Protein chains: 2
Amino acid sequence: MSDSHIQVTASLDPCGLDEHPDCGIRDVLTRVGDKWSVLVIVELASGIRRFRELQRGIDGISQRMLTLTVRRLERDGLVTRTVYPTVPAQVTYELTALGSSLTHLVKQLADWSLDHRETIGRSRARYDAQHPDNEIH
Amino acid sequence: MSDSHIQVTASLDPCGLDEHPDCGIRDVLTRVGDKWSVLVIVELASGIRRFRELQRGIDGISQRMLTLTVRRLERDGLVTRTVYPTVPAQVTYELTALGSSLTHLVKQLADWSLDHRETIGRSRARYDAQHPDNEIH
DNA sequence: GTCTGACATGAAAGTGCCTCCTTGTGGACT
DNA sequence: AGTCCACAAGGAGGCACTTTCATGTCAGAC
């Protein structure tokens, strides 16, 4: 850990050394840490979805963001996009085996967050009370 | 899942309903998904650190980013900051029980990433070859 | 012709993280 | 005075994500 290094480049290539798992964690967070990706993953964990179905299942996401998000997930190999030559055209998205392998971790993170939500909220309130000058929300 | 909703506000308050674990996952990613937080957590998992020790242990992080990052982690209750009235002044940081409770998940994410790094790399190369017009890296 | 559904894409503006550089505080030392 | 150590904070610019709005393609229906 103390020997960790990340050469910060545009694509954030992890160093890949086994003794540097932190590089790995940065990589996965870069991959799913954006606003919408993990929500897409969670929705697809429930089964294959057409574009509109997927959009309706994720509150607040625009057509644009959904298109960009699923494209990135597809590029990373987490999602499969299938185009049907129907009229009107239809596209479906589903998790790959790789994408599915991430879902149990996502579930655990969600559980952790729910388990500790109140504690974190109290901590924030306490901190803000003690540091009224610090605007870091 | 399909009833999920996130009211996107500046502070991203999760809805907190048990049937909406995705709100939880967004919350935790907001918390540790930035570039440096998880690296700080990983470094502190190895033990208490003074500021400079922490900075040296995380390659590439500036004094400024470290200050901001530990401040946010402290606010969330993941890290304890202890000031020693020495000359020169000294500060130490260590994980709280809450912060520590996250480390095994972080480890799992890191492992997942290392396990699948090659697969993802290949997927990207394949995707880029098939979609030369898509600049989405 | 227009409209619809389904989905992709382009353009521009807004936002905030991140970086770089600088300054500050409090001692101690030369 | 200057320099050092230890750490915090200010200011400004860059960049990418995000959002909004608009446009595009392809058929089919009217």
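In this text the structure is predicted, and so the values were computed from the model without any measurement. Chain naming here is simple, since letters A, B, ... match the order of the sequence lines and numbering starts at 1 in each.
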Does Thr30(B) form a side-chain hydrogen bond (donor to acceptor under 3.5 Å, both in side chains) with Arg26(B)? I'd like the steps, not just the answer.
CA-CA 6 Å; Thr30(B) 299; Arg26(B) 273 283 356 125; 3.3 Å; yes
After noting the C-alpha distance and the side-chain angles of Arg49(B) and Gln55(B), does the key distance pass the side-chain hydrogen bond (donor to acceptor under 3.5 Å, both in side chains) rule?
CA-CA 9 Å; Arg49(B) 292 284 190 279; Gln55(B) 189 182 10; over 6 Å; no
Which letter, B, S or -, goes with each nucleotide of nucleotides 6-12 of chain C from 5' to 3', with contact meaning a protein heavy atom under 4.0 Å?
SBBBBB-
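Protein atom CG of Leu66(B) is 17 Å distant from nucleotide atom P of dC17(C), rounded to whole Å. Whole-Å rounding puts the Arg26(A) CZ to dC17(C) P distance at 14 Å. Distance Ile61(B) CD1 to dA8(D) P: 12 Å, rounded to the nearest Å. One can place CD1 of Ile58(B) at 13 Å from P of dC7(D), the figure rounded to the nearest angstrom. Counting to the nearest Å, the P atom of dG13(D) and the CE atom of Met65(B) are 19 Å from each other. Put simply, OH on Tyr84(B) is 11 Å from P on dC7(D), counting in whole angstrom units. One interatomic measurement links the two molecules: NZ of Lys35(B) to C1' of dC17(D), which rounds to 15 Å at whole-angstrom precision. Between Trp36(B) atom CH2 and dG16(C) atom C1' there is a gap of 17 Å when expressed in whole angstrom units.
Cluster membership for Val83(B) and Val79(B), using ILVMFWY side-chain heavy atoms within less than 4.5 angstrom, is shared.
No engagement by Ser62(B) is indicated, since no non-hydrogen atom pair under 4.0 Å with the nucleic acid exists.
Note: Trp112(B) and His116(B) have tilted aromatic rings, judged against thresholds of 30 and 60 degrees for the angle between ring planes.
Comparing Val87(A) and Gly33(A) by the nucleotide of DNA chain D whose heavy atom lies nearest to each, the residue mapping closer to the 5' end is Gly33(A).
Ion pairing of Arg56(B) with Glu53(B) is absent here, as no side-chain N (NZ or NE/NH1/NH2) approaches a carboxylate O to less than 4.0 Å. In summary, Asp128(A) and Arg75(B) engage in a salt bridge, as defined by a charged side-chain N under 4.0 Å from a carboxylate O.
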